[in-house]
Every structure is written in structure tokens, then in C-alpha cells.
Amino acid sequence: MKNLIVEREFCACLESTADGAVANFCVSATESRLYALTINGYVLCFAKDETLTPLWRYPLDPDLLPADSVAVDSHADGPGSSRSSSWVASFSHVLELDALCIATRGGAIALLHVGEGEEPHLEQVGCVDDGLSCLEWSPDGELLAALSGAGNLLVMNQAWELLYEGCALGPAAATASAQLDPALRSALFTDGRISWRGDGKFFSVVCRDLPPAAAAASPDTSAAAAAVAASLPPYRVRIWDRSSLELHAAGEAAEGLLPLPAWQPSG
């Protein structure tokens with residue numbers, strides 16, 4: 001792979017507004033657009049020039065947002081009443097769909113269509129009952145891989161057909177994972193991450209291992225939860241094959257593998 005050369009770079013600041021601080025952002029390189037998702041549930045579009053010129057803003061459907069926080073259209077108290085950004089699981093531009101894919105921790109998945117020549121409009125795709133920890137599209141935009149809050153790995157295509165569903169820790173750990181208390185599973189997978197290799201042939205899932213058998217099998221759920229919270233298992237990288245949708249390899253358990261796993265440029 002040839003060395004990359006930076007041809008141009010610039011820095012611009014997004015001012016905080018009543019729409020709230022930026023929770024996540026993504027870029028459409030083909031259209032030179034920057035999209036920002038605010039913690040109060042607004043999508044902002046900017047022309048990617050020296051000043052980030054605002055083009056439009058779009059309020060998300062309240063059903064996508066946490067029900068226990070301030071209303072989307074309430075600006076009376078200013079940014080100080082904003083939500084936390086923790087409700088966002090994923091926010092990305094999918095070139096092949098000409099849309100922004102928005103996934104929430106509550107499990108909702110929606111597409112905000114932003115095609116040239118059309119008004120932005122929202123399409124709610126569906127909901128994962130166990131919630132979502134993360135969701136990532138393949139580099140070619142043909143597949144998406146998602147990690148549910150219960151530790152299930154979901155792989156779907158552009159038509160939202162489910163191609164695979166199984167334990168993200170691998171088939172051998174499926175039974176033990178299913179027997180865990182829901183609160184324990186949530187603690188293990190809440191900060192899991194997915195990263196695709198540049199050519200899209202493999203993707204990695206980084207999440208915590210199962211707790212020791214003694215803690216997982218404890219009849220006292222509160223005691224088990226306290227034990228896991230006090231000493232969470234280390235993280236492990238597991239690599240999945242896109243073609244076979246089988247677990248290809250697993251690394252050694254280690255701390256410090258998060259928050260952002262990434263493949264080296266050569267693959």
C-alpha cells in the first residue's frame with residue numbers, strides 16, 4: 001500500500017446551540033457534506049468548506065429518543081437541559097443507500113434519506129428487542145453487523161434480511177451466555193465494538209469475556225452482579241468471516257482493547 005499524503009486540511013468549530021451538543025458525526029466525501037447528530041435529537045447538515053456552512057436541520061422522531069429525558073422540541077432551558085449522548089449506538093452515512101443510518105441504544109434502527117434533490121425524510125426500519133451496543137456497515141455498504149445489548153451478533157444485508165444471528169462470543173459460548181442474568185449480560189456487552197477490515201472480508205468484535213463460572217452460576221443474582229461489577233472480565237478480539245459468517249479466530253484476553261478497535265491499513 002502506498003503512503004498517504006495529506007493534500008488539504010482545515011479546522012472548523014461547531015457552535016453549541018439549543019439543539020444540543022454534538023453526540024456523533026459522519027461525512028459524505030462524495031458530496032462534501034458533514035452530518036452531525038445532536039444529543040437532543042437533531043440532525044444537522046453542513047457544507048464541508050472552510051466555515052462549515054449550515055444547510056438544513058431535521059428533528060428525529062421522538063420514538064427514537066429516550067423517553068425519560070427532555071422533549072426533542074423543548075429549548076426553553078437551553079443546552080443545559082440536554083440529554084446525554086449515551087442513547088446513540090451508531091450514526092453513519094451509507095453511500096449505497098444515500099442515507100444516514102441511525103441506531104439507538106434502545107434498539108431502534110432508522111434511515112434518514114438525504115439524496116440530492118429530495119427533502120430529508122425518515123424511515124424507521126425496525127427495532128432490536130435487546131437494544132444495541134454498536135452497529136457498523138461493511139466498507140462496500142452491502143452488509144451491516146450489529147452487537148445487541150444481550151451479546152447477540154446480527155448480520156443483515158441492505159434489504160434488512162437477517163443473514164446470521166448468534167452469540168458474539170462464538171457458538172461454544174452460546175449456552176453459557178444465554179444462562180446469564182440479563183443485568184450481567186448488559187454489563188459485559190454495553191461497550192462492545194465492531195470494526196470491518198478495509199476489504200470487507202472480515203470484521204472484528206471486541207467485547208468482554210464471560211465471567212468466571214462461579215459468579216455466573218451464583219443463585220444470588222445481586223451477588224453475582226456485584227461480583228462482576230467489582231472485577232469485570234477482560235476484553236477479547238474475535239474475528240468473523242464475512243463469507244461463511246463463522247468465527248475465524250480469537251485473540252488473547254486483555255484489558256485496554258477499547259474504545260476503538262481498528263485494522264492496520266495493510267489488513
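Any value given below was found using the heavy atoms of this structure, including those in side chains, with hydrogens, waters and symmetry copies removed. Predicted model, so just to flag it, every value in this text is computed and none were measured.
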Going from [atom1] on [X] to [atom2] on [Y], what distance comes out if it is rounded to the nearest 0.5 angstrom?
X: Arg105; Y: Trp87; atom1: CZ; atom2: CH2; value: 12.0 Å
X: Asn152; Y: Leu132; atom1: CG; atom2: CG; value: 11.0 Å
X: His93; Y: Ser28; atom1: NE2; atom2: OG; value: 4.0 Å
X: Lys48; Y: Glu31; atom1: NZ; atom2: CD; value: 11.0 Å
X: Arg33; Y: Thr53; atom1: CZ; atom2: OG1; value: 9.5 Å
X: Phe46; Y: Leu55; atom1: CZ; atom2: CG; value: 8.5 Å

Residues 134-157 vs salt bridge (Lys or Arg N to Asp or Glu O under 4.0 Å), sequence neighbours excluded, gives Asp140-Arg242
Partner of Phe91 under side-chain contact (heavy atoms from CB on, under 4.5 Å), picked from Val22, Ile102, Thr104, Leu135, is Ile102
Note to self: Quick check on Phe202: does its CZ atom have over 12 non-hydrogen neighbours (other residues, nucleotides or ligands) under 6.0 Å away?
What the structure shows: yes
Does any N or O in the side chain of [X] come within less than 3.5 Å of the main-chain N or O of [Y], such that one atom is a donor and the other an acceptor?
X: Gln158; Y: Gly141; answer: yes
X: Trp137; Y: Ser92; answer: no
X: Ser204; Y: Ser195; answer: yes
X: Ser138; Y: Leu143; answer: yes
X: Thr38; Y: Asp19; answer: yes

Across all chains, not counting sequence neighbours, the side chain to side chain donor-acceptor pair (under 3.5 Å) partners of His121 are none
Residues at least two apart in sequence or cross-chain that pass side chain to side chain donor-acceptor pair (under 3.5 Å) with Ser177, listed by chain then number, are none
Path from [X] to [Y] over hydrophobic side-chain contacts below 4.5 Å:
X: Leu245; Y: Ile239; value: no
X: Leu37; Y: Val114; value: yes
X: Leu154; Y: Ile194; value: no

Residues two or more places apart in sequence or in another chain: which of them pass side-chain contact (heavy atoms from CB on, under 4.5 Å) with [X]?
X: Ala253; result: Asp209, Pro234, Arg236
X: Glu119; result: none
X: Leu111; result: Leu97, Ala99, Cys101, His113, Glu123, Val125, Trp160
X: Ser244; result: Asp241, Glu246

Those residues at least two apart in sequence (or on a different chain) that pass ring pair (Phe, Tyr, Trp, His ring centres under 6.0 Å) with Tyr58 are none
With sequence neighbours left out, the residues meeting salt bridge (charged side-chain N to carboxylate O under 4.0 Å, His left out) with Arg185 are none
For Asp63, the salt bridge (charged side-chain N to carboxylate O under 4.0 Å, His left out) test, sequence neighbours excluded, returns none
For residues 161-172, which side-chain donor-acceptor pairs fall under 3.5 Å, sequence neighbours excluded?
unit_1, atom_1, unit_2, atom_2, d
Glu161, OE1, Asn157, ND2, 2.7

For Asp98 and Gly115 the tightest heavy-atom approach is OD2-CA, 3.2 Å
Applied to residues 179-198, the ring-ring contact (aromatic ring centres under 6.0 Å, His included) test, sequence neighbours excluded, yields Trp196-Phe203
